[in-house]
Amino acid sequence: MKRPFEKQPRTLEEQILRLEQRGLIIHDPQRAKEFLAKVQYMRLRPYWHLFEENPEKHTFRKGTTFDDLTALYIRDQHLRLLVFEAIAHVEVALRSQWAYQLALAHGTQAYLNAALHHNPHYHRENLEQLLEEWDRAWEHDPVLRHFEETYQDEYPPIWLACEVISFGTLSRFFANLKDRALSESIASRFGLPHSYLKRVIKHLVVVRNIVAHHGRLWDRKITAFSLPLPEKRPFKLREAMLKALDQQRIYSTLAVLVYMGEHLGYREEWYPRLKALLEQYGTYLHQRMGFPHDWERLELWR
């Protein structure tokens, strides 16, 4: 049976005292107070579950410090930034290829053509969403505003529409694309089969939304549009993902981003920073993030 919520708000000083009463060592209460003022108690709470000796009483293991909690939080923050950076490369490349391939094959406003898509109802919904995104954006961008003020056409060309399309809307357009040759032309830029890339993009939309809303990422189970194994190719991505200790952890996402980085040109600069961060997680890589114990020996990660 549900009960009323009766917990009362606590001051920062009361929050710090409560943590100390539960066994957390706080060497610098003022710095802890400043951190909680920026991050807030409930946002930090999932990070300290790892350090609890008694999850029911929320008491900490002996020797746990406030710095232990903040270090884990900051590592997750850095991981989110790196993941966001990689997904941005993927999103921009998909926008570019979607616009380029459709325009060459079917003309300036190919995205309007329902016949190019599997489901006309989904196409209509996606198109309405894209046009709403255009209407929100064009007044604030001089390039887009030039089109609206210069040309009598009701709809923009696809190479302008792709500049305002959200990642979610783009993923749905791409997933609904019926022309196999077009899908394969787009997917070849990413080094993936077109059917698998469509699954990957849906997954990355979910991950990007977690990151954009500053959600915890490092030990999260990503159950919505979780990544399947590639059926046959690319071999080294399949090999790496086959080894995952948990397919729904961040390991699989990172494996896909590392692989696509080779084809999109961001791996050389991005991967060393990711690897340096991963080394800070120690055994948590396996326990919480799904990394196999021999991950660094796999071809994808070498």
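It should be emphasised that the depicted structure is a prediction, and the values quoted were computed from it without experimental measurement.
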Mind checking whether W270 and Y266 have parallel, tilted or perpendicular rings, split at 30° and 60°? perpendicular
Taking NZ, NE, NH1 and NH2 as the nitrogens, is one of them in R273 or E85 under 4.0 Å from a carboxylate oxygen of the other? yes
Cation-pi between R238 and F235: NZ/CZ under 6.0 Å from ring centre and within 45° of the ring axis? no
Can you confirm if the aromatic rings of F147 and W159 lie within a centre distance of less than 6.0 Å? no
Would you call K33-E13 a salt bridge at under 4.0 Å N-O? yes
Hey, does the side chain of S252 reach the backbone of Q247 with a donor-acceptor pair shorter than 3.5 angstrom? yes
If the plane angle is over 60° it's perpendicular, under 30° parallel, otherwise tilted; pick one for H49 and H58. parallel
Run the salt-bridge test on K243 and D294 with the 4.0 Å N-O cut-off and return the result as yes or no. yes
Electrostatic pair K38-E34, nearest N-O below 4.0 angstrom: no
Of all heavy-atom pairs between K178 and H117, which one has the smallest distance, and what is that distance? CB-C, 3.7 Å
Taking all atoms of both residues into account, what is the closest heavy-atom pair of K236 and L300, and its distance? O-CB, 4.0 Å
Tell me which one of S96, S188, S185 satisfies side-chain contact (heavy atoms from CB on, under 4.5 Å) with Q101. S185
Salt bridge R208-E91, side-chain N to carboxylate O under 4.0 Å: yes
Taking all non-hydrogen atoms of both residues, which atom of T64 and which atom of L24 are closest, and how far apart? O-CD1, 3.5 Å
For H203 versus T253, what's the shortest heavy-atom pair and its separation? NE2-OG1, 2.7 Å
From CG (L197) to CZ (R199), nearest 0.5 Å: 12.0 Å
With the threshold set at 4.0 Å, does a side-chain nitrogen-carboxylate oxygen contact exist between R216 and D76? no
Would you say the ring centroid of W98 lies under 6.0 angstrom from that of F174? no
Are W48 and Y73 near enough that their ring centres are under 6.0 Å apart? no
Going hydrophobic residue to hydrophobic residue with side-chain gaps under 4.5 angstrom, can you get from Y284 over to L254? yes
Determine, using ring centers only, whether F291 and H286 are less than 6.0 Å apart. no
Taking all non-hydrogen atoms of both residues, which atom of T108 and which atom of P157 are closest, and how far apart? CG2-CB, 3.2 Å
Hey, are E52 and T59 close enough side-chain-wise for a donor-acceptor pair under 3.5 Å? no
